[in-house]
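Notes follow the structure.
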Number of protein chains: 2
Amino acid sequence: MNTETSISTEEAILMAARKVFELKGFDGARMQEISDRARINRALLHYYFRTKEKMFERIFDEALERFMPLLSTWDQDLEECWEWKLKRFIITFITFLKTNSMLFLLREIIRKPELLASKTKKYRKGLNKFVLYFDRLKQERLIRSDVDSRYIYVIIHSLCSFPLMNGIVFSYSLRISPKEYDELMTGYPEIISDLLIQSLKYQKTEKSINENE
Amino acid sequence: MNTETSISTEEAILMAARKVFELKGFDGARMQEISDRARINRALLHYYFRTKEKMFERIFDEALERFMPLLSTWDQDLEECWEWKLKRFIITFITFLKTNSMLFLLREIIRKPELLASKTKKYRKGLNKFVLYFDRLKQERLIRSDVDSRYIYVIIHSLCSFPLMNGIVFSYSLRISPKEYDELMTGYPEIISDLLIQSLKYQKTEKSINENE
DNA sequence: TTTACTTTTAACAGAATTGTTAAAATACTA
DNA sequence: TAGTATTTTAACAATTCTGTTAAAAGTAAA
């Protein structure tokens, strides 16, 4: 009964399922593989979770439940320096993504859009907090960028998510091992924080890009 | 025999397979669904492509074959203005990604890393052209950024890929329809071109971010 | 028209997978 | 220790899916 770690059987199953679903996706996952990984009997999976579908939904919903709040952690408080807010967000987001596969969510949503659509009501309010916040920053002239806040949203999330999600391909492209890539990425949050802050701070001045020096 | 459009049966099958594999992944794809979509008989799939595995590999390899050259289109010619080069790359890359799902490649590589690993030799040379190019730009003082060229690589690719790959989730988060999201994204290449060029041009000056105004 | 190639039909074998069940074994708790 | 809950074992039903086959129908071209 997992005496050493005192992990309940249900927890052990969920951990295994999470891993297998993340790696193989719903369609590629096998109940046998999950039970093997959890070091329990396959029949026990059904004893706890009835069907594969139900087990998957539990995993998916929990992942979504952890993920969605990250999309709306932008309180409208203009007192706190936005640069710090942004930096904090980037670090939180990247830390989260290291342990929770965003690719998993995306893949399953594309397979079955209802997975997200059915949760519309639950998460919709609060979702555009980010856009509102940056709109206000611009209104109040606290940042000088004139870029549509929705682009800023897309840019920040892309910079945070993709490097982790696409690690395999990036490490291949850069011709370094996955381990080396991980090490490289420790400096990454700092880099993009600076990049974003700088480009939000200063309004684009000259549109011409003709001179090389 | 597809007289109107003069598409060969093989081509029709490949188109259908591409679509189904992109949507469902290898494990979720059904031979029946592919043949239905191609408006031919299921037995005919096997007549042309023997097995599902072989058909998939054909699709995957073709996708990779179209994709990989995009990663290494950085000739070392320093005469041409790098800003133009970068802008051209961004537009080419985004245009490509609109029709060719990068998510498809990524998902299948994670499912079965050998898919990429086995192609090592074929694509490796030329892969770090980008990094070399930006290293030279820095050496020659043509750009003033002091950021590791590998970060620049990751940043550019993330900004190009993720907004297209994650369209469903972004349109959900921004509370606009997928159609409206697509429209919004027409202005996107311009935005990130400017952002990147600006931040590469000007070296980060002040590290302090204490003042709000 | 003959010949070769393409496509459909329909049926089937084999394998893999999910989910069920019942009985036995084990562990936990009062 | 007795009783309860958990876990294993092993077998099985039902389904789904892939891949095969053989025969017939259709098409194109010589």
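Owing to the predicted nature of the structure, the values given are computational and were not obtained by experimental measurement. Below, read A as the first sequence line, B as the second, and so on, with proteins coming before strands; counting in each chain starts at 1. Below, each value reflects all heavy atoms present in this structure, side chains not excepted, and no hydrogens, waters or symmetry copies.
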Subject >> Residue-level proximity of residues 44-51 of chain A to DNA chain C when a heavy atom falls under 4.0 Å >> reply: His46(A), Arg50(A), Thr51(A)
Original post:
Is it true that Glu83(A) and Lys87(A) have a side-chain N and a carboxylate O under 4.0 angstrom from each other?
Top reply: no
**OP:** Write down the distance between CG (Asn41(A)) and P (dA22(C)), rounded to a whole number of angstrom.
**Re:** 17 Å
Original post:
Which whole-number value in Å describes the distance from Asp27(A) CG to dT18(C) P?
Top reply: 11 Å
Subject >> Protein-nucleotide distance (Lys54(B), atom NZ; dT18(D), atom C1'), rounded to Å >> reply: 14 Å
Original post:
Does the pair Glu53(B)/Lys112(B) count as a salt bridge with the N-to-O cut at 4.0 Å?
Top reply: yes
Original post:
Please give, in whole Å, the distance from dT18(D) P to Gln32(B) CD?
Top reply: 9 Å
Original post:
Do Asp36(A) and Arg30(A) sit within salt-bridge range, that is, some charged N less than 4.0 Å from a carboxylate O?
Top reply: no
**OP:** Take the protein atom CG of Asp36(B) and the nucleotide atom P of dT7(C), then report the distance between them rounded to whole Å.
**Re:** 17 Å
Original post:
Whole Å only: how far is the CD atom of Glu10(B) from the C1' atom of dC5(C)?
Top reply: 15 Å
Original post:
Under 6.0 Å from the CZ atom of Arg66(B), do we count more than 12 heavy atoms belonging to anything else shown?
Top reply: yes
Original post:
Atom CE of Met55(A) to atom C1' of dG19(C): distance rounded to whole Å?
Top reply: 13 Å
**OP:** Please lay out, stage by stage, how Met185(A) and Lys98(A) fare under the test side chain to side chain contact (heavy atoms under 4.5 Å, CB included).
**Re:** CA-CA 11 Å; Met185(A) 291 314 285; Lys98(A) 275 184 190 163; 5.9 Å; no
Subject >> Pair Asp75(A) + Lys85(A): basic N to acidic O under 4.0 Å >> reply: yes
Original post:
Does NZ or CZ of Arg111(B) lie under 6.0 Å from the centre of the six-membered ring of Phe56(B), at an angle within 45° of the ring axis?
Top reply: yes
Original post:
side chain to side chain donor-acceptor pair (under 3.5 Å): which pairs involve residues 153-164 of chain A, sequence neighbours left out?
Top reply: Tyr153(A)-Ser173(B)
Original post:
Between Ala43(B) and Ala43(A), who's closer to the 5' end of DNA chain C by nearest nucleotide?
Top reply: Ala43(B)
**OP:** Check whether any side-chain nitrogen or oxygen of Thr9(B) sits under 4.0 Å from OP1 or OP2 of dT7(C), and answer yes or no.
**Re:** yes
**OP:** Look at Arg150(A) together with Glu180(B) and state whether they make a salt bridge at an N to O cut-off of under 4.0 Å.
**Re:** no
**OP:** Between protein and nucleotides 12-17 of chain D, map the contacts as a letter string: B base, S sugar-phosphate only, - none, heavy atoms under 4.0 Å, written 5' to 3'.
**Re:** -----S
